[in-house]
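Notes follow the structure.
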Amino acid sequence: MASIVSLVNVEIWSDVVCPWCFIGKRRFEKAVARLREKGVTEPINVVFRAYQLDPTAPVGSPTPVVDAYAKKFGGTERAVQILNHVTKVAAEDDIEFNMDIALRANTILCHRALHWALVHHGSSVQNEFKEVLLKAYFTDGKDVGDIETVLACASSVGIDTELLRDSLYTNGGIDEVRQDFQSAIDMEISGVPCFVIDGRYMIPGAQDVDVFEQVLERVLSK
């Protein structure tokens, strides 16, 4: 592989309540880890962009995820099938899903907090924050639409929660998050996760680790 020194930028459009976004995040990280094991040292900067699967979800009114899926997919039986399937797939990628206690909530607060983390703490902390929020929803059954839940998750990765609280209470980040939504529309991103590398290469969906690895190698070799 040719050696380069330029930074590889990866933007990931995703939502906190999207199971495939969590699975795709884990698979992408495994692909990067494989490259590091091969001796690849080029910096890969990962930034999360906002996308909402259900922007109409009521703020402040979380509902059991099985009810939300039943409404969307035509009944409880089908909802349970889908949730069992993604839980099994997640387990294969070393992620614990407890969908029986998950609470579907509006995620606009999470996206605004993630944007604030990126601006004030950088992409590495934003990545950690995203992981904690995903775990809060999928594993711990927390209401990620609740400001105190979001702040507790932020605190766990060293974010100044008083400054973040001030931002969230004054609509901080709302315009930037809406710009992420618009960028997704402009790029014809209609589902998540969606990985955009250096603004040129798009990888839709939670692809296998091999696919992520191969695309990254191709980008790094140019």
- Query: Does the side chain of Asn45 come within less than 4.5 Å of Val8's, by heavy atoms?
  - Reply: no
- Please walk me through it: do Thr149 and Asp143 pass side chain to side chain donor-acceptor pair (under 3.5 Å)? CA-CA 7 Å; Thr149 297; Asp143 176 10; 5.9 Å; no
- Task: Keeping the roles fixed (side chain from Arg27, backbone from Ala206), state whether a donor-acceptor pair exists under 3.5 Å.
- Result: yes
- Take atom CD of Glu92 as the centre, draw a 6.0 Å sphere, and report whether it contains more than 12 heavy atoms from other residues, nucleotides or ligands. yes
- Within a strict 4.5 Å, meaning less than it, do heavy atoms of the Tyr69 and Arg78 side chains meet? no
- CD on Gln81 to CG on Leu83, rounded to 0.5 Å: 10.5 Å
- Query: Less than 4.0 Å between a side-chain N and a carboxylate O, is that true for Lys38 and Glu217?
  - Reply: yes
- Is it the case that Asn127 and Glu131 place a side-chain donor and acceptor less than 3.5 Å from each other? no
- Message: Applying a strict under-4.5 Å side-chain criterion to I, L, V, M, F, W and Y, I'd like to know whether Ile12 and Leu133 cluster together.
- Response: no
- Task: Kindly work out whether a path of hydrophobic side-chain contacts (I/L/V/M/F/W/Y, heavy atoms less than 4.5 Å apart) joins Val16 to Ile108.
- Result: no
- When you measure from the side chain of Asp54 to the backbone N and O of Thr56, does any donor-acceptor pair fall under 3.5 Å? yes
- May I ask you to test the Lys25-Leu134 pair for a side-chain heavy-atom distance under 4.5 Å? yes
- Ring centers of Phe195, Phe212 separated by less than 6.0 Å: yes
- Message: What's the separation between atom CD1 in Ile159 and atom CH2 in Trp116, rounded to the nearest 0.5 Å?
- Response: 6.5 Å
- Task: Kindly indicate, with the supporting measurements, whether the criterion side-chain contact (heavy atoms from CB on, under 4.5 Å) is fulfilled by Tyr201 and Val196.
- Result: CA-CA 6 Å; Tyr201 307 95; Val196 180; over 6 Å; no
- Query: Step by step, would you call Asp210 with Arg34 a side-chain contact (heavy atoms from CB on, under 4.5 Å)?
  - Reply: CA-CA 9 Å; Asp210 289 344; Arg34 283 187 186 179; 2.5 Å; yes
- Task: Could you tell me whether the side chain of Thr170 and the main chain of Ser167 form a donor-acceptor pair under 3.5 Å?
- Result: yes
- Query: Checking salt bridge (Lys or Arg N to Asp or Glu O under 4.0 Å) for the pair Asp94/Lys30: CA distance, chi angles, key distance, verdict?
  - Reply: CA-CA 11 Å; Asp94 304 317; Lys30 288 180 179 178; 3.6 Å; yes
- Has the side chain of Asp180 got a donor or acceptor atom that lies under 3.5 Å from a matching backbone atom of Arg49? no
- If you take all heavy atoms of Asn106 and Pro55, which pair is closest and at what distance? ND2-O, 3.4 Å
- Message: Please check: side-chain N/O of Asp93 versus main-chain N/O of Ile95, any donor-acceptor pairing under 3.5 Å?
- Response: no
- Task: For residues Val40 and Leu220, determine if any side-chain heavy atom of one lies less than 4.5 Å from a side-chain heavy atom of the other.
- Result: yes
- Beyond-backbone contact of Thr76 with Val80, side-chain heavy atoms, under 4.5 angstrom: yes
- Message: Just so I know, are the side chains of Val192 and Trp20 near enough to count as touching, which here means a heavy-atom distance under 4.5 Å?
- Response: no
- Query: So which heavy atom on Cys21 is nearest to which on Cys18, and how close?
  - Reply: SG-SG, 2.8 Å
- Query: Same cluster for Leu53 and Ile23 if Ile/Leu/Val/Met/Phe/Trp/Tyr side chains link at under 4.5 Å?
  - Reply: no
- Note on the structure: In short, Ile147 meets Tyr169 closest at the heavy-atom pair CD1-CE1, 3.6 Å
- Message: Using every non-hydrogen atom in the two residues, find where Gln126 and Ala117 come nearest and quote the distance to one decimal.
- Response: CA-CB, 4.3 Å
- Is it true that a side-chain atom of Asn98 and a backbone atom of Thr139 form a donor plus acceptor pair closer than 3.5 Å? yes
- When you look at Val10 and Phe28, which way does the side-chain contact (heavy atoms from CB on, under 4.5 Å) test go after all the steps? CA-CA 10 Å; Val10 181; Phe28 183 84; 3.9 Å; yes
- Query: With the 4.5 Å side-chain cut-off for hydrophobic clustering, are Val47 and Trp13 part of the same group?
  - Reply: no
- Can a donor-acceptor pair be found between the side chains of Thr63 and Lys71 at a distance below 3.5 Å? no
- Message: If we count only N and O atoms by modelled type, under 3.5 Å, do the side chains of Asp15 and Thr107 hold a donor and an acceptor together?
- Response: yes
- Message: Measuring only between side-chain heavy atoms, which start at C-beta, is Leu35 closer than 4.5 Å to Leu216?
- Response: yes
- Message: For Leu151, is there any backbone N or O sitting under 3.5 Å from a side-chain donor or acceptor partner on Ser155?
- Response: no
- Message: Using a 3.5 Å distance criterion without hydrogens, assess whether the side chain of Gln207 forms a donor-acceptor pair with backbone atoms of Pro204.
- Response: yes
- Message: Just so I know, are the side chains of Lys142 and Leu103 near enough to count as touching, which here means a heavy-atom distance under 4.5 Å?
- Response: no
- Judged by atom type as modelled, is there a donor-acceptor pair below 3.5 Å linking the side chain of Asn9 to the main-chain atoms of Asp198? no
- Check the pair Glu148, Arg165 against salt bridge (Lys or Arg N to Asp or Glu O under 4.0 Å), reporting the backbone distance first and the verdict last. CA-CA 9 Å; Glu148 295 305 326; Arg165 183 189 297 273; 2.8 Å; yes
- Item | Residues, nucleotides or ligands: over 12 heavy atoms within 6.0 Å of Gln182 CD | yes
- Give the ring-plane orientation class for Phe181 versus His111, where under 30° counts as parallel, over 60° as perpendicular and anything between as tilted. perpendicular
